[in-house]
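Order of appearance sets the numbers: ligands from 1, and atoms from 1 within every ligand. Values in this document were obtained by computation on a predicted structure and should not be read as measured data.
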Amino acid sequence: MVHQSLKVGHAVCGRTAISDDTGRVFGGKPARLGYFPWQVRLRTYDGKVGGGALVSDGWILTAAHLFDGSRQTTVHGGIVNLQGLSPEKALPVEDAFLHPNYRPQADGSEPNFEHDVALVKLRARAKLGANLSPVCLPAAGETSPLRAGRLGYITGWGKTEVRDRPIFLQYAEVPVVGMDKCRGLDYRGKRPRFTDNMVCAGQPGTDSCQGDSGGPFVLRDLRHPSRHVVRGIVSFGPQQCGSYGVYTHVGRYLAWIVKTMREHGSWEDEETRA
Ligand code: 4AZ
């Protein structure tokens with residue numbers, strides 16, 4: 001029997017209801033339901049908050065460092081407003097898978113966010129719809145550095161210039177920039193590691209910030225302009241937000257992502273590739 005790669009459920013990925021409402025997070029504006037339907041909010045057992053992106057109806061892509069303290073996490077999706085979030089509305093989580101080469105920061109050592117990528121598996125398929133649907137994963141081989149100047153969206157409930165914890169999901173458009181911009185920032189005397197597995201993005205006045213970690217940096221698919229592809233994961237930056245931030249280069253981890261979803265998912269046919 002021919003075993004075709006079925007696309008069950010939602011075959012489309014990366015679709016947004018945002019039209020030309022381009023915001024030109026930090027320096028961002030509130031999102032409406034359906035603008036970033038892949039965005040989820042994570043809260044780990046030890047109280048760390050961050051973001052993530054739905055990449056199928058059973059998997060969330062996020063940052064490994066959110067799990068430095070605890071592997072247990074609560075996930076909420078299909079929302080922009082954090083008010084009235086109840087545990088009953090959470091998407092039940094089965095397990096978190098961290099990249100095998102990711103190493104949490106040892107006390108006193110230099111920051112090293114290399115391989116800051118993780119996948120959270122849901123216990124049941126999420127019910128997809130206009131407010132909750134996956135973003136596309138990069139195509140195989142999209143491993144080169146992202147071209148400086150390309151614009152993408154960052155999203156999250158992280159710190160803004162006026163609030164530590166905004167109630168509404170914020171979004172902003174930021175360009176990819178050269179890694180020298182991120183290297184040149186003030187890390188309070190620390191010397192973080194910078195590698196080709198990372199992307200530097202942002203612009204003075206617009207940036208991701210504390211609490212946005214794990215959330216996606218999405219770029220429009222040049223071949224399918226109605227689709228958005230997750231090309232980065234909010235990873236780290238200086239304590240002082242507002243200029244440039246470092247993102248995990250998702251395209252460099254596609255093989256691990258696909259392998260992990262295949263090995264541990266009952267949903268191997270549903271990863272949503274660009
Ligand atoms: C953080 O601590 C964090 N400006 C996230 C993003 C950036 C800095 C810090 C980038 O979660």
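- Remark: of the listed residues L132, V55, V218, V218 is the sole one forming a side-chain contact (heavy atoms from CB on, under 4.5 Å) with W38.
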(request) Go through the steps for N197 and E114 under the test side chain to side chain contact (heavy atoms under 4.5 Å, CB included), then give the verdict. (result) CA-CA 7 Å; N197 296 321; E114 182 73 326; 3.2 Å; yes

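- The proximity of D212 to ligand 1, defined as any non-hydrogen pair under 4.0 Å, does not occur for either the backbone or the side chain.
- With hydrogens left out, the protein atom closest to atom 11 (O) of ligand 1 is S213 OG, 2.7 Å, a heavy atom.
- Taking the six-membered ring where tryptophan is involved, the planes of F194 and F236 are tilted, since the angle between them lies from 30° to 60°.
- Under a 4.0 Å criterion applied to the non-hydrogen atoms of V234, ligand 1 contributes the atoms 5 (C), 6 (C).
- Every atom of ligand 1 is numbered from 1 in the order shown, and the set under 4.0 Å from a heavy atom of G245 is 10 (C).
- For H115 and Y253, the side-chain atoms include at least one donor-acceptor pair closer than 3.5 Å.
- Considering Q210, K48, Q240, Q239 only, the shortest heavy-atom separation from atom 2 (O) of ligand 1 involves Q210.
- Considering both main-chain and side-chain atoms, D207 comes within under 3.5 Å of ligand 1 through a nitrogen or oxygen pair.
- Comment: E110 does not engage R191 in a salt bridge, judged by the lack of any side-chain N to carboxylate O separation of less than 4.0 angstrom.
- A tilted orientation is assigned to the rings of H228 and Y153, their planes being inclined by 30° to 60°.
- Nearest-residue assignment for atom 8 (C) of ligand 1 (options G50, G237, G242; heavy-atom criterion): G237.
- Counting heavy atoms under 4.0 Å from ligand 1, residue S243 does not touch it at all.
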